[in-house]
J.: 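First the structure, then my questions, so here it is.
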Protein chains: 2
Amino acid sequence: MNASAQSHAAQGAFRALADPTRRDIVMFLSEQDMTIGEVVDRFDITRAAIKKHLIVLEDGGLISVHPIGRERVNRLEPLGFKSVNGWLNHFNHFWDDRMSKLATAVEKENLKKQHEKKK
Amino acid sequence: MNASAQSHAAQGAFRALADPTRRDIVMFLSEQDMTIGEVVDRFDITRAAIKKHLIVLEDGGLISVHPIGRERVNRLEPLGFKSVNGWLNHFNHFWDDRMSKLATAVEKENLKKQHEKKK
DNA sequence: TCCTTATGATACCTTATGGTATCTCTTTAT
DNA sequence: ATAAAGAGATACCATAAGGTATCATAAGGA
């Protein structure tokens, strides 16, 4: 999968992570799975607002919802995060390449200087 | 730096990456540095719109701008990406932990079954 | 010098987004 | 059986966000 396709696939995830409240929710969910009510208790906004955030997170593939009785447990989903990681990874390679090229250039420069010194 | 502080620091970067056009711009810039005009040539939207995107990217620390004569070259900035990577890394650890715990649990379950078989 | 080119800035429009308030629907417990 | 608790849906509001059109500015080149 190329980076452009990955970007398309990760759109929902990137969108979801853009909001600080949603990133906080994700942080809480990394400590333990939670029902909506439990998430709401940790914020000062209404249940409806939290619910919307959870829908965005679910659309982005970052969480999944599991009904248990009348409750619905929200759980982190690794796959959604992987799509983001995958896209970012393209740039990690990019930095590596840039650094190694820079290192090579510096090395050549040093060799050149040493050569000139000998003259 | 804890994950919450990282989240705060990375807010601009996450915000910038939420838009598909900006991610595309970033992809182009990973191939080569570009002036605004060169970026504009690769899209079907106005210069003003591109300019706004570049400002958001700069605010997010994902690019830097370097004036050369009357032109302004836009260049990717690794540090901005690192802030995003840093935040995401917290969850990579999380997956690793979860997987290892799962593996341990499965292993224990297998040992238990073997033990019961012997009976 | 003067015209062209690369860029910046502002005003304005439309839609998306984050939020509240309110009502309904289920499920559990008394 | 009925009240309370957990969750969902919808209407509505203010602001942010992405886009265009237009005007202003500065630097190169003929």
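Quantities reported herein were computed from a predicted structural model and do not represent experimental measurements. The basis for the numbers below is simple: all heavy atoms, side chains too, and nothing from hydrogens, waters or symmetry mates. Convention: sequence-line order gives letters A, B, ...; per-chain numbering from 1.
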J.: Which pairs would a plain distance check flag for residues 37-47 of chain A, meaning a side-chain donor or acceptor within less than 3.5 Å of a matching protein atom at least two apart in sequence or in another chain?
T.:
residue  : atom : partner  : partner atom : Å
Glu38(A) : OE1  : Thr35(A) : N            : 2.9
Arg42(A) : NH1  : Glu38(A) : O            : 2.9
Thr46(A) : OG1  : Ala49(A) : N            : 3.3

J.: What is the distance from atom CG of Leu29(A) to atom CE of Met27(A), rounded to the nearest 0.5 Å?
T.: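 Leu29(A) CG to Met27(A) CE: 10.5 Å, rounded to 0.5 Å.
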J.: Is Arg47(A) close enough to dG8(D) that one of its side-chain N or O atoms is under 4.0 Å from OP1 or OP2 there?
T.: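 It does not, given that no N or O in the side chain of Arg47(A) lies less than 4.0 Å from OP1 or OP2 of dG8(D).
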J.: Donor-acceptor pairs under 3.5 angstrom involving side-chain atoms of residues 11-19 of chain B: please list them, not counting sequence neighbours.
T.:
residue  : atom : partner  : partner atom : Å
Gln11(B) : OE1  : Arg23(A) : NH1          : 3.0
Gln11(B) : OE1  : Arg23(A) : NH2          : 2.6
Gln11(B) : NE2  : Ala18(A) : O            : 3.2
Asp19(B) : OD2  : Thr21(B) : N            : 2.9
Asp19(B) : OD2  : Arg22(B) : N            : 3.2

J.: With no hydrogens and no angle check, is any side-chain donor or acceptor of Asn74(A) less than 3.5 Å from a backbone partner on Met34(A)?
T.: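 Checking the backbone N and O of Met34(A) against the side chain of Asn74(A), a donor-acceptor pair under 3.5 Å is found.
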J.: Which nucleotides of nucleotides 11-19 of chain D have their base under 4.0 Å from a protein heavy atom (B), which only their sugar-phosphate (S), and which neither (-), written as one string 5' to 3'?
T.: ------SSB
J.: With heavy-atom distances below 4.5 Å as the criterion, would you say the side chains of Ile25(B) and His53(B) are in contact?
T.: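 Counting from C-beta outward, Ile25(B) and His53(B) do come under 4.5 Å.
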J.: Answer whether the closest heavy-atom distance between the side chains of Ile63(B) and Arg75(B) falls below 4.5 Å.
T.: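 Sidechains of Arg75(B) and Ile63(B): no contact.
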J.: If you measure from OG on Ser64(A) to CZ on Arg72(A), what distance do you get to the nearest 0.5 Å?
T.: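 If I round to the nearest 0.5 Å, the distance is 10.5 Å.
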J.: Of the residues in residues 33-42 of chain A, which ones touch DNA chain C at a heavy-atom distance under 4.0 Å?
T.: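 Of all residues in residues 33-42 of chain A, none places a heavy atom under 4.0 Å from DNA chain C.
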J.: Expressed in angstrom and rounded to an integer, what is the separation of Leu54(A) atom CG from dG19(C) atom P?
T.: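 Between P of dG19(C) and CG of Leu54(A): 12 Å.
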J.: When you measure from every atom of DNA chain D, which of residues 60-73 of chain A have a heavy atom less than 4.0 Å away?
T.: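 The answer is Arg70(A), Glu71(A), Arg72(A).
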J.: Taking the side chain as every heavy atom from C-beta outward, state whether Leu76(A) and Val26(A) have any pair of such atoms under 4.5 Å apart.
T.: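 Heavy-atom side-chain distance check passes, below 4.5 Å.
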J.: Starting at NZ of Lys51(B) and ending at P of dT25(D), how long is that distance when rounded to a whole Å?
T.: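 Those two atoms, NZ and P, are 17 Å apart.
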J.: How far does CD of Glu77(A) sit from NZ of Lys82(A), to the nearest 0.5 angstrom?
T.: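 NZ of Lys82(A) is found 11.5 Å from CD of Glu77(A).
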J.: Give every donor-acceptor pair under 3.5 Å between a side-chain atom in residues 85-93 of chain B and any protein atom, sequence neighbours left out.
T.:
residue  : atom : partner  : partner atom : Å
Asn85(B) : ND2  : Asn92(A) : OD1          : 3.0
Asn89(B) : OD1  : Asn92(B) : ND2          : 3.4
Asn92(B) : OD1  : Asn85(A) : ND2          : 3.1

